[in-house]
Structures are given as structure tokens and as C-alpha cells.
Protein chains: 2
Amino acid sequence: MRKGVLELCILAIIARNEEVYASNILEQLKDAKLIVVEGTLYPLLTRLKNEGLLSYRWEESKSGPPRKYYKTTCLGERLLNELTTGWQELVDAVDKLMSENYNQKEQ
Amino acid sequence: MRKGVLELCILAIIARNEEVYASNILEQLKDAKLIVVEGTLYPLLTRLKNEGLLSYRWEESKSGPPRKYYKTTCLGERLLNELTTGWQELVDAVDKLMSENYNQKEQ
DNA sequence: TTTAGTACCTTGTATCACATAGTACTAAAT
DNA sequence: ATTTAGTACTATGTGATACAAGGTACTAAA
């Protein structure tokens, strides 16, 4: 049932950009009305990196501390595809359930 | 982010039937390709009942132990509406994120 | 040298959903 | 008559998810 929606969103955001850093991802999530807090995102990024789904490089910034620029690995792309399919299936299933107006009584 | 999808599905199933009991709900979830196990459903039903979202009555069965027939309360209907809206918003947000092909670099 | 802004990290906690095991009732099989 | 199978509900323990809250560290402006 649990489908890792947030994981999907984050992989999608990273995949569609050349490279992004965490605060950047937070902004893009916010733009899409998906509110996520730092305490959720950072551990998740670390997990995805440890699982080989993401890679990153450090880059100095002129306006603050250095940033970790993430991009998806080959494995990450593959998971993104799988999660996308799973998400679509969930949406279809719930939509089906919600649209049916069946009135089953005793069988 | 957390949207209680399963809660939504179960409320929807109970609302669209006159009355249903747990095993019945499991079947309908299965029909919709939403696989859920007993150990997930029963505690959730109890929680929803304790929160005043569901009510039930016992009914004897000729083919086994007695059944708890659930139906939604007024409060349950209201939550169903809210969860439905929330779900639709989540689907829209994710779809938007997935369909956009924007390629933002350094800003 | 303090304050504000940006960026990353950690710890603790609540909730969700599963796995597993158990109780209790009826009906059919031995 | 007692065991076995099927149905239905319940309880306990566990892992994963996401949040709250607080902390570190860098730069630039007041």
C-alpha cells in the first residue's frame, strides 16, 4: 500500500534537473504544493545516496555554506520508472474505488 | 504529505455500501487491486470507530462467528469528503511534478 | 562583533502498515 | 464424539515514514 510517494517526487525532481541541492528541492516541492520539511528531506537524500540511487558533489557557494549537488544514478532512474508505474497503479485503483457507486448488500 | 490513503479507501467502501463487515471490506479492496491484510484493517477500523467516524452493530452469522457490520457516521462522511479533496490535491500535485519537463539550472 | 540568511545534519517521536500469533464460532469429516 | 477446516475478530511486536525541534557552520551585512 505504502508506495513511497515522497521518494518518487524527489527522484523526479532530481532527474529533471541537471543538478540540484537540497534547499532547491524543497523549493520545487513547495511550488508543487507538496510541503516537506528539512528534517524529512535530508535523511531521505542520505538514504537514497547510500542505496546508490543518487550521487552528489560538493560545490562552494558565494552566498553561504557549500552545497551538495545531487543527480540520479542509473539505478535511480530505474527506480524512478518503477515508482512511477506503482504510483499510476495506485491512483487508478483509488479512482476506480471512488468512482464506483456499487451498493452491495448481503451475499 | 501524509494523506491517509488507506483510511480514505476504507471510508469510501463503507460509505458506498449499506453495511459491511471487515472481511467484506478486504474483498472489495482486493477487487480494486489494493492488497491489505487483516492485521492492518482491524486496528484501523477500531481506531476509526473510537474516533466516532464509524459505528457498528453485531450480527450473528450462520456460517461462522458473529460479524461487526460497520457504517459511516455523520462525522465519518465529513472526513471522507476532506480526505477525498486532499487525495485529489495530492494526485494533481504529483502529476504536475511528473509532467513538467523543466530544466532549471543555477539561479 | 553581532545579526541575518543560507545550507546541511541529528535526535527523538508518532503513526502507519505489516507479520505473526491467537481466540472463538460453525460446519463438515473422520 | 472429536478432530479439522473455514470464517471472523483481536492482540502484540516491528520496521519504515515523516515530522518536530534543535544544532552546526559558512557568508555577508549592520
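Here the structure is a predicted model, which is why all the values come from computation and not from measurement. Labels below follow one simple rule: chain letters A, B, ... track the order of the sequence lines, proteins then strands, and each chain is numbered from 1.
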Going by distance alone, is a donor N or O of one side chain under 3.5 Å from an acceptor N or O of the other, for Glu77(B) and Asn81(B)? no
Tyr21(B) OH - dC25(C) P separation (whole Å): 18 Å
Which of dT6(C), dA18(D), dC18(C) is nearest the side chain of Val37(B)? It is dC18(C)
Please state how far atom CG in Leu6(B) lies from atom C1' in dT15(C), giving the value in whole angstrom units. 13 Å
Separation of atom CG in Leu26(A) from atom P in dA7(C), rounded to whole Å: 10 Å
Has the side chain of Thr73(B) got a donor or acceptor atom that lies under 3.5 Å from a matching backbone atom of Leu53(B)? yes
Indicate whether OP1 or OP2 belonging to dT17(D) is found under 4.0 Å from a side-chain N or O atom of Arg47(A). yes
Rounding to an integer number of Å, can you tell me how far Tyr69(B) OH sits from dC9(D) P? 9 Å
Is any side-chain nitrogen or oxygen of Ser23(A) closer than 4.0 Å to OP1 or OP2 of dC8(C)? yes
Nearest nucleotide by nearest heavy atom, which residue falls closer to the 5' end of DNA chain D, Lys62(A) or Glu38(B)? Glu38(B)
I need the CD-C1' distance between Glu7(A) and dA18(D), as an integer number of Å. 13 Å
Less than 6.0 angstrom from the centroid, inside 45 degrees of the normal: does Lys68(A) satisfy that with respect to the ring of Tyr56(A)? yes
Would you kindly give the CG-to-P distance between Leu45(B) and dA11(D), to the nearest whole Å? 13 Å
Integer-rounded Å distance: dC16(C) P and Leu48(B) CG: 9 Å
Please determine if Lys49(B) and Glu51(B) form a salt bridge, counting it only when a charged side-chain N lies under 4.0 Å from a carboxylate O. no
Who pairs with dT7(D) - Watson-Crick or G-U, where each distance is under 3.5 Å: dA24(C)
Would you kindly give the CG-to-P distance between Leu90(A) and dC16(C), to the nearest whole Å? 16 Å
Flag, side chain of Arg67(A) to backbone of Ala22(A), donor-acceptor distance under 3.5 Å: no
Taking the minimum atom-to-atom distance to the side chain of Thr40(B), which one of dC8(C), dC18(C), dA8(D) wins? dC18(C)
dT10(D) phosphate, OP1 or OP2: any side-chain N/O from Tyr42(B) under 4.0 angstrom? no
Give one of base, sugar-phosphate or nothing for Pro43(B), where a contact means two heavy atoms less than 4.0 Å apart. nothing
Please determine, for the side chain of Pro65(B), which listed nucleotide (dC25(C), dA25(D), dC8(C)) has the closest atom? dC25(C)
Under 4.0 Å between a side-chain N/O of Lys68(A) and OP1 or OP2 of dC9(C), yes or no? yes
Specify the residue among Glu60(B) and Gly39(B) whose closest nucleotide of DNA chain C lies further upstream toward the 5′ end. Gly39(B)
Ser63(A) side-chain N/O to dT27(D) phosphate OP1/OP2 under 4.0 Å: no
